[in-house]
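Notes to accompany the following structure.
Chain A is the first sequence line, chain B the second, and so forth, proteins listed ahead of strands; every chain is numbered from 1. Because the structure is predicted, anything quoted here is derived from the model rather than measured.
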Protein chains: 2
Amino acid sequence: MSTAEETAGGEVEPWEEVTPDAARRLLVAAVEAFAERGYHATTTRDIAGRAGMSPAALYIHYKTKEELLHRISRIGHDKALDILRTAARREGTATERLADAVSSFVRWHAGRRTTARVVQYELEALGPDARAEILDLRRQVDAEVRGIIQEGVAAGEFDVIDVHGTTLAVLSLCIDVARWFNVNGPRTPEEVGALYADLVLRMVGAK
Amino acid sequence: MSTAEETAGGEVEPWEEVTPDAARRLLVAAVEAFAERGYHATTTRDIAGRAGMSPAALYIHYKTKEELLHRISRIGHDKALDILRTAARREGTATERLADAVSSFVRWHAGRRTTARVVQYELEALGPDARAEILDLRRQVDAEVRGIIQEGVAAGEFDVIDVHGTTLAVLSLCIDVARWFNVNGPRTPEEVGALYADLVLRMVGAK
DNA sequence: GGGCACACTAAGCGCTCGCTCAGCTTCGGC
DNA sequence: GCCGAAGCTGAGCGAGCGCTTAGTGTGCCC
């Protein structure tokens, strides 16, 4: 059902770093279930069933249901941060790099919507230690976007009064794509990415 | 704890239309609990406890836990729609009305964050009938914002290529405030509302 | 001041949850 | 061909869930 979505954009097949195979199948099943119904409404029996295994098999590969969420969240945040870093550190003007960052970040949130939903909206189900680890990654995400905007302002490319507030708004806009994007809707991830890159350049007053 | 937040902005005390008193206390307790932990992670014992009552008392005023969520969602959406309609139908240019709509809509999502969180993020916990009713209200919310933007384009005030896509982005931006806004953070709801009105006018290319 | 409607509680029912454990199968090493 | 490790299952434990029911206290009407 979501196989087509998960491989959209011609990206490398996700979760390939998760081994062995049974652990990956359980993790993919958990992503789908958490995205559909939320972490608390998902049962371990449901996850195991989607992976074609008995409920007890889950506990051979993961200590608890929360460890599954933690692993998903960690891998997802690493990927999101990687996307932004790649865009932020390429050659080009701040305008080009911001457009690139926004369009690729949005493409990921739309094209890999199930994963992004879990990553962005189930944070509060994590325990204190795991949550702190993920929040640190989020601060790095924030810093990447803020960096591009600051450089654009310094170079005279952008016209922004409140850099911190605008950064927050830009990230919020991109992240919320995971909430409303519909795989069967009229827009492709690429179209939304292009629209959002244009909107964000307007927000920062790019020339 | 959240009393100050709930009355922020000098608005009329919310939930006053819910009677009798015990039913209102239960509903307010449910809003706080759902916002903190999510619908599925909240127990009826927790809601009743916050309202200073026994678990059984809940079922004198509400048929099920879901009815509580439905009532909260309905009242919240009615309020959100009312805010947008008031801004959309006042006197003034499309630019003035869009700025007014965004700033008041954002003030509500920031100042009444607990309510807005439940209203905007717990929709999928509702059953099919209740969900359909709420989705209809959301379409009306969408139509109000789209109407202002269309009028602005027709009047030559705005420069927008994709009206539907931009409407979606504007609403998404405002709604997501409920996810990240922190009552103890550096910004007041008024400041966020003003910043966002400016950002949205830039997004639609207002002169 | 007796009776009754109403708001509420204490106790608990049936169920499903996350998780455990004893035992079965499979397979590589020798 | 035997053995132990690894992967997995069927059965089920203790806990906590949403919700019900029998009974209690309170205040209003006549």
Side-chain angles (χ1 to χ4, degrees), chain A residues 15-73 118 122-131, chain B residues 15-73 118 122-131:
Chain A
W15 313 121
E16 62 173 4
E17 68 264 54
V18 182
T19 55
D21 181 67
R24 178 171 51 246
R25 271 158 49 218
L26 284 163
L27 195 124
V28 169
V31 169
E32 290 175 7
F34 291 162
E36 268 176 37
R37 309 141 80 107
Y39 174 80
H40 288 297
T42 298
T43 69
T44 54
R45 285 164 177 82
D46 183 27
I47 296 169
R50 285 174 192 246
M53 301 163 105
S54 76
L58 194 152
Y59 293 91
I60 293 165
H61 300 283
Y62 301 96
K63 255 169 50 197
T64 61
K65 175 176 144 185
E66 195 200 315
E67 193 195 324
L68 264 168
L69 177 62
H70 182 195
R71 288 268 250 272
I72 293 165
S73 198
V118 179
E122 301 293 344
L123 175 68
E124 298 195 359
L126 290 172
D129 291 355
R131 176 150 67 232
Chain B
W15 312 121
E16 62 174 4
E17 68 265 52
V18 181
T19 55
D21 181 66
R24 179 171 50 247
R25 270 160 46 219
L26 284 164
L27 194 123
V28 169
V31 169
E32 289 174 6
F34 291 162
E36 268 177 38
R37 307 141 79 109
Y39 174 79
H40 288 295
T42 298
T43 70
T44 54
R45 284 162 177 84
D46 183 28
I47 297 169
R50 284 173 193 248
M53 302 165 102
S54 76
L58 194 150
Y59 294 91
I60 293 166
H61 301 283
Y62 302 95
K63 255 170 49 197
T64 61
K65 175 176 143 183
E66 195 199 315
E67 193 195 325
L68 263 168
L69 178 61
H70 183 197
R71 287 269 249 274
I72 292 165
S73 198
V118 179
E122 301 291 344
L123 174 69
E124 298 194 359
L126 289 172
D129 291 357
R131 176 150 67 232

Next item on the list: Could you grab the distance from atom CZ of B:Phe34 to atom CG of B:Asp46, nearest 0.5 Å is fine?
Entry: 9.5 Å
Note to self: Using whole Å, what does the distance between atom P of nucleotide C:dC19 and atom NZ of A:Lys65 come to?
What the structure shows: 8 Å
Next item on the list: Could you check which of C:dT20, D:dC8, D:dC19 has an atom nearest any side-chain atom of B:Pro55?
Entry: D:dC19
Next item on the list: Looking only at side-chain atoms of B:Ala56, point me to the closest of C:dC8, D:dC8, D:dT20.
Entry: D:dT20
Check: Taking only side-chain nitrogens and oxygens of B:His40, does any of them come within less than 4.0 Å of OP1 or OP2 of D:dC17?
Finding: no
Next item on the list: Mind checking B:Ser54 for me? I need base, sugar-phosphate or nothing, with any heavy atom below 4.0 Å counting as a touch.
Entry: base
Note to self: With a cut-off of less than 4.0 Å, is there a side-chain N or O of B:Thr44 near OP1 or OP2 of D:dG18?
What the structure shows: yes
Item checked: Spatial distance of atom NE2 (B:His70) from atom OG1 (B:Thr64) [nearest 0.5 Å] -> 10.5 Å
Notebook entry, point to check: Can you tell me how far the OG1 atom of B:Thr44 sits from the OH atom of B:Tyr62, to the nearest 0.5 Å?
Noted result: 14.0 Å
Item checked: Closest nucleotide among D:dC8, D:dT20, C:dC19 to the A:Thr64 side chain -> C:dC19
Note to self: What's the closest nucleotide to the side chain of A:Thr43 if the choices are C:dG18, D:dC8, C:dC8?
What the structure shows: C:dG18
Notebook entry, point to check: Toward the 5' end of DNA chain C, which comes first, B:Arg45 or B:Arg25, by nearest nucleotide?
Noted result: B:Arg25
Item checked: Separation of C:dG18 P from A:His61 NE2 (nearest whole Å) -> 18 Å
Next item on the list: Compute both the distance and the angle, then confirm whether B:Lys65 meets the cation-pi test with B:Tyr39: under 6.0 Å from the six-membered ring centre, within 45 degrees of the axis.
Entry: yes
Next item on the list: Please report, rounded to the nearest Å, how far the P atom of C:dT20 is from the CD1 atom of A:Ile60.
Entry: 12 Å
Check: Rounded to the nearest Å, what distance is computed from the CG atom of residue A:Leu58 to the P atom of nucleotide C:dT20?
Finding: 11 Å
Next item on the list: Specify the separation, in whole Å, of atom CG of B:Asp46 and atom C1' of D:dG16.
Entry: 13 Å
Item checked: Side-chain N,O (A:Tyr59) to OP1/OP2 (C:dT20) below 4.0 Å -> no
Next item on the list: Check the distance between C:dC17's P and A:Arg37's CZ and give it to me in whole angstrom.
Entry: 9 Å
Next item on the list: Working to the nearest 0.5 Å, report the span between CZ of A:Arg45 and CD1 of A:Ile47.
Entry: 11.5 Å
Next item on the list: Mind calculating the distance between CZ (B:Phe34) and C1' (D:dG18) to the nearest angstrom?
Entry: 12 Å
Note to self: From CD1 of A:Ile47 over to P of C:dC19, roughly how many Å is that when rounded to an integer?
What the structure shows: 10 Å
